[in-house]
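Reviewing the structure listed below.
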Amino acid sequence: MSIIQTPQTPGSQPFWVLNTQNTSYAYGVNELGYLEHVYWGARLPAYSDYQGPGAYARRITPERYSHEEYPAWGDYKFNEPCLKVRFADGVRAVFLKWVDSAVEHGDGVDTLTVTLADQHYPLQVKLVYRVFEAYDLIERCAQVVNSGGEPIELEQVLSAVWEVPRRDAYQLTTLNGKWGGEFQIQRVELPMGKQVVERRRGASGFDSNPFFALAEAGATETHGDVWFGALAFSGNYKLVVERTAFEQVTVSGGIHDFDFSWRLDGGETFETPVFVAGFTEAGYGEASRLLHAYELAAVLPQETAHTPRPVVYNSWYVTEFDVNFENQMKAAKLAARLGVELFVMDDGWFGQRHHDRAGLGDWTVNSDKFPEGLGPLIQAVKALGMDFGIWVEPEMVNPDSDLYRAHPDWVYHFPNRPRSTGRNQLVLNVSRPDVQAFIIDFMDDLLANNDIKFIKWDMNRHFSEPGWPDAPAGRDREIWVRHTRGVYDILRQLRAKHPGVIWESCSGGGGRVDLGVMPFIEQFWMSDNTDPYDDLFIQEGFTLAYAPVTRMMWVTDANWINGRPFTLDYRFHLAMMGVLGMGADLTKWPEADLDKAAAYIAVYKEIRDTVQFGQLYRLRSPRESALSATQFVSADGGESLVFAFLSASVFGEFRTMLRLQGLDADASYQIDDHITLSGQALMKRGLPLALKGSFVSQMLRVRRV
Ligand code: GLA
């Protein structure tokens with residue numbers, strides 16, 4: 001049982017300890033009736049370790065010591081509030097006191113719901129804690145209930161605040177970047193004040209990702225206390241990391257309050273997204289593995305979570321918008337010969353979509369390009385032994401489209417203001433039920449009338465002029481939440497109607513990678529930047545939070561971003577560290593390269609269980625060494641894979657002993673059918689490795705004998 005509720009003594013206030021395998025999280029009700037945080041970190045053995053209720057009582061100077069589990073705004077405390085509201089009479093101060101609580105035991109997941117209520121107004125907040133014992137993680141969310149008759153305006157509703165113990169110093173890790181350079185790891189000593197990780201453009205995004213890690217100074221991949229978490233939301237969010245002058249450190253997070261407001265009518269409940277967080281004493285690597293395991297077991301769609309992902313070919317970089325039966329089949333035949341399992345036709349197949357300036361929104365097959373519809377192409381692809389997949393961008397419209405001409409009011413806009421385009425497109429107002437119905441209808445038709453097994457769902461621009469002139473009264477600023485929820489609802493309905501389809505989330509690359517959309521998709525397109533050296537950095541940051549089974553990357557020809565060539569080996573090794581895809585112009589490849597690619601794909605099929613469902617160890621970072629390496633260990637421990645990449649050797653061959661992780665110390669392992677070493681030797685002495693040249697790589701298979 002992972003949730004322990006005490007108050008053993010009558011009259012004393014309730015106190016809860018949420019235990020996972022290696023962590024404890026504790027809070028209780030103080031003598032004034034407020035819910036106060038007490039501890040989060042390594043598991044403590046005894047209830048008495050928490051010094052009992054009373055010891056954590058609210059102090060006389062609460063601005064120094066406000067440890068409320070869910071601080072509401074309005075009284076004498078000045079930290080980031082989780083809740084800020086305006087009641088119908090204009091009052092804007094909230095006082096939340098404990099009312100009751102309930103524990104529910106589940107299979108590996110226990111749930112504690114603690115209800116708080118305002119002392120005067122009909123407002124309740126239910127704090128929900130789901131404790132994942134095996135993964136040392138706790139999911140938190142809040143349900144705000146208006147149990148009265150008059151509406152309450154919500155101005156800020158965060159999912160949770162996480163408080164970490166007092167330490168002399170903390171290292172804050174965030175994921176930042178840009179288009180083509182996503183998931184850059186940024187690590188700074190946490191300064192005093194507030195650090196805000198945020199997104200205000202309608203979708204999660206490149207420049208920041210809803211993930212944080214706070215670690216003790218000097219923590220590494222393998223050592224040190226790390227508190228970490230991720231918010232499950234794809235729209236505007238903020239994570240506020242605050243360090244006060246009194247050394248209190250907290251991370252508050254949830255839906256962004258920027259331009260947000262929500263009218264909560266009587267009888268309605270507003271539920272926040274989940275904010276999941278955990279703790280480990282074993283460094284950033286273990287933090288990532290806990291998140292990866294949790295994503296596989298509890299976040300990804302469970303009907304496909306444990307099924308090996310197919311090898312994909314995508315024709316985008318080859319044919320761009322100029323798709324037709326002949327050029328797709330040329331690519332498909334070669335892809336099939338290499339062992340590809342899923343052939344994806346990208347943008348350009350519909351409406352007048354000859355370039356990115358027209359056609360978006362007109363989801364009927366272009367009859368010049370495909371006179372008999374998609375049927376013949378799909379059949380021909382299937383006859384080659386592959387499944388067929390297709391690209392869509394349902395939330396968008398080109399002004400030059402029949403859809404926009406018919407429904408100019410379906411996009412976000414303000415009267416008397418221009419409608420700014422991005423990539424020549426506007427954002428459809430997915431907050432509107434009629435727009436949602438339109439998307440569901442055309443997607444449903446597409447999937448019902450064609451044997452499509454894969455959808456790449458793209459989203460290529462962010463929101464501007466976010467107006468909804470004919471919104472129901474007082475609801476126009478709800479778009480920031482309604483749009484994202486609308487996308488989730490559409491995906492939920494389509495998945496239910498069309499089981500067996502694999503979904504990929506793309507947003508001009510890795511612009512919508514988060515735990516919010518993860519329950520509805522199998523994988524993420526990591527980046528439009530397919531330069532495999534750049535991708536080592538992107539991949540490192542991606543895997544900090546997200547499981548390799550969700551990472552799609554293609555082997556392409558020279559990518560235009562850096563314009564430099566790489567060997568086929570290097571490109572394959574990079575792409576094989578997740579879900580493998582190809583996006584190269586195979587018609588230009590020499591026979592020898594096609595054969596080599598076929599061999600790599602065959603090997604990938606042998607090892608993909610280990611890559612997709614094993615444990616990942618970041619052995620060496622490309623940020624720190626010319627030689628970077630990643631290791632995977634299969635779920636049963638029988639196989640391990642090491643991918644090593646050398647950017648450039650200087651002063652001769654680069655030799656090293658690469659210390660592996662996660663092996664059985666007592667077992668023997670054979671390396672690539674050559675030498676045999678004990679697990680202990682591989683982990684303590686290391687795997688001998690020698691590489692020479694520029695952008696060279698090696699994959700080693702380490703098998704238990
Ligand atoms: C985005 C995606 C690309 C491709 C194009 C199509 O940029 O990231 O992979 O699908 O759209 O227009």
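In what follows, every heavy atom counts, from backbone to side chain, and hydrogens, waters and symmetry copies are set aside. Just follow the structure's listing: the first ligand is 1, and inside any ligand the first atom is 1. Because the structure is a prediction, the values reported are computed rather than measured.
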Subject >> Subset of ligand 1 atoms that lie under 4.0 Å from at least one heavy atom of W525 >> reply: 8 (O), 9 (O)
**OP:** State, without any angle test, whether R417 and S420 hold a side-chain donor-acceptor pair at a distance under 3.5 Å.
**Re:** no
Original post:
Looking only at protein heavy atoms, which one is nearest to atom 8 (O) of ligand 1, and how far off is it?
Top reply: D528 OD1, 2.6 Å
Original post:
Which protein non-hydrogen atom lies closest to atom 12 (O) of ligand 1, naming both residue and atom, and how far is it?
Top reply: D347 OD2, 2.6 Å
Original post:
Taking N or O atoms only and a 3.5 Å limit, does W554 qualify as a polar contact for ligand 1?
Top reply: no
Original post:
Just heavy atoms, cut-off under 4.0 Å: does D356 contact ligand 1 by side chain, backbone, both, or neither?
Top reply: neither
Subject >> Check: R353 N/O within less than 3.5 Å of ligand 1 N/O >> reply: no
Original post:
Taking atom types as modelled and ignoring hydrogens, do the side chains of S315 and Q328 form a donor-acceptor contact shorter than 3.5 angstrom?
Top reply: yes
Subject >> G508: numbered ligand 1 atoms lying under 4.0 Å from its heavy atoms >> reply: 8 (O)
Original post:
Is the centre of the W480 ring less than 6.0 Å from the centre of the F260 ring?
Top reply: no
Subject >> NZ/K605: more than 12 non-hydrogen atoms of other groups inside 6.0 Å >> reply: yes
**OP:** Would you mind telling me if ligand 1 is within reach of the side chain of C506, the backbone, both or neither, using heavy atoms under 4.0 Å?
**Re:** side chain
Original post:
So which protein heavy atom does atom 9 (O) of ligand 1 come closest to, and at what separation?
Top reply: K456 NZ, 2.8 Å
**OP:** Could you list the atoms of ligand 1 found under 4.0 angstrom from a heavy atom of G509?
**Re:** 8 (O)
**OP:** Kindly state whether the ring of F442 and the ring of F438 have centres lying under 6.0 angstrom apart.
**Re:** yes
Original post:
Does the side chain of H483 come under 3.5 Å of the side chain of Y412 through a donor N or O and an acceptor N or O?
Top reply: yes
Original post:
Of all the non-hydrogen atoms in the protein, which one sits nearest to atom 11 (O) of ligand 1, and at what distance?
Top reply: D458 OD2, 2.9 Å
Subject >> Under 3.5 Å side-chain donor-acceptor pair for D458 and W525 >> reply: no
Original post:
Between R423 and ligand 1, which residue portion shows a heavy-atom distance shorter than 4.0 Å: side chain, backbone, both, or neither?
Top reply: side chain
Subject >> Nearest-0.5 Å distance, CZ of residue F542 to CE of residue M553 >> reply: 9.5 Å
Original post:
For the atom pair CG (L580) and CD (Q612), what is the distance rounded to the nearest 0.5 Å?
Top reply: 9.5 Å
Subject >> Closest protein heavy atom to atom 10 (O) of ligand 1, given as residue, atom name and distance to 0.1 Å >> reply: D346 OD1, 2.6 Å
